[in-house]
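Some notes on the structure that comes next.
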Amino acid sequence: MPPRVTFQPCGWQQNQDTPLSSEYDFALVNIGRLEAVSGLSRVQLLRPGSLLKFIPEEIMIHGRDFRLLRVGFEAGGLEPQAFQVTMAIVQARAQSNPAQQYSGITLSKAGQGSGSRKPPVPLMETAEDWETERKKQAARGWRVSTVNERFDVATSLPRYFWVPNRILDSEVRRAFGHFHQGRGPRLSWHHPGGSDLLRCGGFYTASDPNKEDIRAVESMLQAGHSDVVLVDTMDELPSLADVQLAHLRLRALCLPDSSVAEDKWLSALEGTRWLDYIRACLRKASDISVLVTSRVRSVILQERGDRDLNGLLSSLVQLLSAPEARTLFGFQSLVQREWVAAGHPFLTRLGGTGASEEAPVFLLFLDCVWQLLQQFPADFEFSEFFLLALHDSVRVPDTLTFLRNTPWERGKQSGQLNSYTQVYTPGYSQPPAGNSLNLQLSVWDWDLRYSNAQILQFQNPGYDPEHCPDSWLTRPQPSFMIPGPPSSVWLFSRGALTPLNQLCPWRDSPSLLAVSSRWLPRPAISSESLADQEWGLPSHWGACPLPPGLLLPGYLGPQIRFWRRCYLRGRPEVQMGLSSPTISGLQDELSHLQELLRKWTPRISPEVHSKKRDPHTILNPTEIVGILKGQLHPFWITRC
Amino acid sequence: MLGKGVVGGGGGTKAPKPSFVSYVRPEEIHTNEKEVTEKEVTLHLLPGEQLLCEASTVLKYVQEDSCQHGVYGRLVCTDFKIAFLGDDESALDNDETQFKNKVVGENDITLHCVDQIYGVFDEKKKTLFGQLKKYPEKLIIHCKDLRVFQFCLRYTKEEEVKRIVSGIIHHTQAPKLLKRLFLFSYATAAQNNTVTDPKNHTVMFDTLKDWCWELERTKGNMKYKAVSVNEGYKVCERLPAHFVVPTPLPEENVQRFQGHGIPIWCWSCHNGSALLKMSALPKEQDDGILQIQKSFLDGVYKTIHRPPYEIVKTEDLSSNFLSLQEIQTAYSKFKQLFLIDNSTEFWDTDIKWFSLLESSSWLDIIRRCLKKAIEITECMEAQNMNVLLLEENASDLCCLISSLVQLMMDPHCRTRIGFQSLIQKEWVMGGHCFLDRCNHLRQNDKEEVPVFLLFLDCVWQLVHQHPPAFEFTETYLTVLSDSLYIPIFSTFFFNSPHQKDTNMGREGQDTQSKPLNLLTVWDWSVQFEPKAQTLLKNPLYVEKPKLDKGQRKGMRFKHQRQLSLPLTQSKSSPKRGFFREETDHLIKNLLGKRISKLINSSDELQDNFREFYDSWHSKPTDYHGLLLPHIEGPEIKVWAQRYLRWIPEAQILGGGRVATMSKLLEMMEEVQSLQEKIDERHHSQQAPQAEAPCLLRNSARLSSLFPFALLQRHSSKPVLPTSGWKALGDEDDLAKREDEFVDLGDV
């Protein structure tokens, strides 16, 4: 078993339907604070290595994921064990090395349980996965490049990615060398209207490309489009240090004993700046979505490292623009593609390798998604519970998904790359041969830690797929057909577009992106700028209607909300008040009624919707009376 | 925020920044003028309404997508409203106008709804009042329902500008006599065609029977009696003609100090404890009178202190609680967050949204009111005590707290009829001075305190936290708050029932004609079509099952179903797997730390409060039982629908609660049709089919501001770069931008 603290409630073993429990399970890395309590006044904060000064009546484990586990020992004379258990946790924390905590699960049950699974989420580790996804997006101008198959272009890149059709692999290799850490431009998402969303790292300004290299770089960035908008993703968004600081403050604020007075709560919340950063992300993602979908411009997201905010923005843009990304399956694939496969350094960012460079960018992303869920409750197939489960899974040491920094490391660990590389990993023993099932386990194997009833709750009962009509996929995009002036390049920065003379920084002017932009609140629009502005967009871009399926999120102060089900879970008074949504109760009743009708009318096809419109339902009155007498479903309802 | 235009010019060397610029070129005016003449919009006048003045070629700015443009039309002022008649109304299709108010149109401002009027002179914004020497080129009207109208008068004839501006200022701001309220002209003119809604069962509490009925309903008739001692307002003009006092209290006592110092019954709890209110005795200097007062009070207390009466706890709301001044200050700060002249202001304030919100302390006042109500609820429910609310006139905070307590304790008050009856009982008959508190007559600005609005905001918090417990929706509360300013309903336009009766001619001998028949706001059909009224009703609300026996079989069938709805749902359901059940022990221990922050002192009383509050919240909610709000910091929220509905930036297209609502209604419909089918088989006769609410069905994507601010809906232009597009080359421009960055830091 990987290092963790687990509490097993009595009787849990008997009716256990998951190999691991999600509720009382705390990975050692997840422990943010450990307190031993005796009586009402004696509280000791236990740091790794500290000595327990008394026999605790109970211990409180504050999770870094805002959960709280309290274990009481007082009942049943468990004092001796109490001391042992507590000290064991303290020692284990002192010794644990988060980087190597993963040791694979050796549970035969894991494989069995997943027999009746839905189509698994593609892990984007094979060329087939990429090809399937490319076809799904109908990205005809693109192909899967195998140039990084041996991770020799960049270890942080996936083995496969999408590049323009016309670009040869040699050109890809040539061009990628001029980007920071070899992360050249790749396709993230193809909009059915014709525009593309690309992402890439910063230009490697120290390099001295020759003409051919520049041509390769330019054609990769341009990818056959006449108008291209370059977006500096670091501009206007918080730095990694900002994110980390905000998250620490948020955690401090949400501790059950935080000392903020109730009437100062709002300003304390504002002081964490967490919500500010969320709005900045949503605002930028919303602007980019409009560019990509409504204006049908190709957008290149550029971030120096291309591993943090690019992933966040690219995922948000897809959530806003592509209805399929809002399904449960689509969202998981999205995270797998834009975060896991794209090499977001999960381990470092979540504090697995030491304090520096820690920044919960992914958690910031999840909060952004939650905001969207709040604002558009009918547009997402997954529920808040799913986001919570995902939120709680980032530090769970059972699957490799979030425990490695790069696809290379992940692949190395799971043993796929033995044929390519020979790397000595100290302290790590190869998993027993033949246990290949374990290698496939990812965080998306929810039945590992969540019961079926819980997984059912991942579905949003209010999801109304009619909201995203399929028709828009085939809708012609006339504005795209209008030929623009020869190749124009724009820089989108601080909420405004500026024309760029060229895409690459090397030719005559100093690099635009070399100028580091600090995150600033968006400047208020001065009133006189309204006059001469008149939007200022090139006339040939035209005014386009909002495409159906595009969500434009609100990002004003009053619209950004605080995710209390997540952050205030450690506070019992909040836990208590969370009532389940009534809509799921209705759904239950609906399905029950339908089932009743189905039982009584065998000749009607199982199609649910035909049911209610069929007037010829035959019912046996005595049967109904029997049902009425005592077998009513608990969610029976009267007339509205 | 306010007066920004004035502040903006303080640069000194540079020319003052123009804050208000017309972005319409003269050519456009002409084209628009033609349209105006083609499409003459007629002015709809209510019965008795008279046109006072008007001006043509007025440009009304439409705020949309952060750039302003305008619509030309006529600006008129009647004795009921200010109305703008432009041609933009025709742009709405039928689908969107379903929630139209029949009395007040989208571009209508009733005279009582006007809050402040500003004029713009040479790009400087000034408050307008009294006689003007100079007439502004632009008129900005801030409304009490938080709409902001901007009218450009630059293209209007000078004569007309003078007439309309001075007309509007006079009719909205000059002190008025009660008899001059439009209410009376309307009632006189509409004498014959006022139809009262037959389905309206709101108890008005204007007869002895109503009070007896209420006593019986709450089982308070054992210890309390309804009296008519004040019939004809012989005793006092503050009190209603009929009210309820403790049974042993002699009626002469009531007359002694004109009803002061008398415990008046508000409501009885199921356990027999009651909520009482008392207006304080007049403050006297003279020792002799004080002595008399003291012995009088002793006598009164003696009657209610001995059995069968419970122990009385006196709650003095005049001291140790909110002052009206605080409420007034907080609200005037708070509302400025939403009264926005242009998007610039909006973005300016948006950066510091939470701290601005907090510094207004409006939310904190709401929290304090809710907390006080919970405390009183605890006394009555847990300690079985009577609570006596004490206030100078027992007509402001008394109304607020006593209504909140009843709302929390009495499920009947959470139905629409019950809620309306509650307002009728505690506010209208309780003598809340609506006329003064809303400053309807513009006689004394200092008296204007939004106590009733504060109450509605508290109710909104409850509705927001426990939606299934209420038969009405937040939209209901919003339109109710709007109705405060519509002077065709008598409900909110009198200071006391006495004032109403004397002015209606029912009591006066001088009128020879029959008494006027005034409308009440509870007749919602006056304002809304039946279809629009469905939005006022919570589709998920289920009435409390009535436990009477011997009913028809069919009835029992229905009743069974009612019982099984998730009334007592949720907290213990297995669905809460994600949020672990905590033991009582944990709650007590941990909560102590938290709650102690809610409470400044930690005496026994507060311990009781805490225990009561905690234990209620740790149990599953019975929506038909006691209902307590959460009052922690993160739980008190901004009533977004009321306050943000006119701000186009705040709208989320296709999002918000409406999105779930349409799905929900669809499902309800399906459930209903399935049930009807089962009923049909069971009874073999057709059950009466309720009309399905299909208001939300037609349009696929509504905005989060639905059903308000429909105008903004057809803005199909996506907001891209909010600050547009500028060549970087311009150095001057860059320098200016730098300045703005610096300025921003100071905001």
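Below, chain A is the first sequence line, B the second, and so on; all start at residue 1.
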If you compare all heavy atoms of A:E270 against all heavy atoms of B:K352, which two are closest, and at what distance to 0.1 Å?
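Here A:E270 and B:K352 meet closest at OE2-C, 3.2 Å.
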Can you give me the closest heavy-atom contact between B:P634 and A:F562, atom names plus distance?
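Closest approach of B:P634 to A:F562: CB-CD2, 4.5 Å.
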Rounded to the nearest 0.5 Å, how far apart are [atom1] of [X] and [atom2] of [Y]?
X	Y	atom1	atom2	result
B:F354	A:L269	CZ	CG	5.5 Å
A:W265	B:E632	CH2	CD	10.0 Å
A:R564	B:H630	CZ	NE2	6.0 Å
B:I636	A:D263	CD1	CG	11.5 Å

Tell me, side chain or backbone of A:Q559 under 4.5 Å from chain B's heavy atoms, or both, or neither?
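Answer is side chain: those atoms of A:Q559 sit under 4.5 Å from chain B.
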Interface moiety of A:L275 toward chain B, non-hydrogen atoms closer than 4.5 Å:
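Side chain only.
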For B:L363, is it the side chain, the backbone, both, or neither that has a heavy atom closer than 4.5 Å to a heavy atom of chain A?
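Contact with chain A: side chain only.
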Counting heavy-atom pairs closer than 4.5 Å to chain B, which one of A:Q375, A:Q374, A:R561 comes out on top?
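Among the listed options, the one with the most contacts to chain B is A:Q375.
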Side-chain heavy-atom pair B:V638, A:P558 within 4.5 angstrom cut-off
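Contact flag for B:V638/A:P558 side chains = no.
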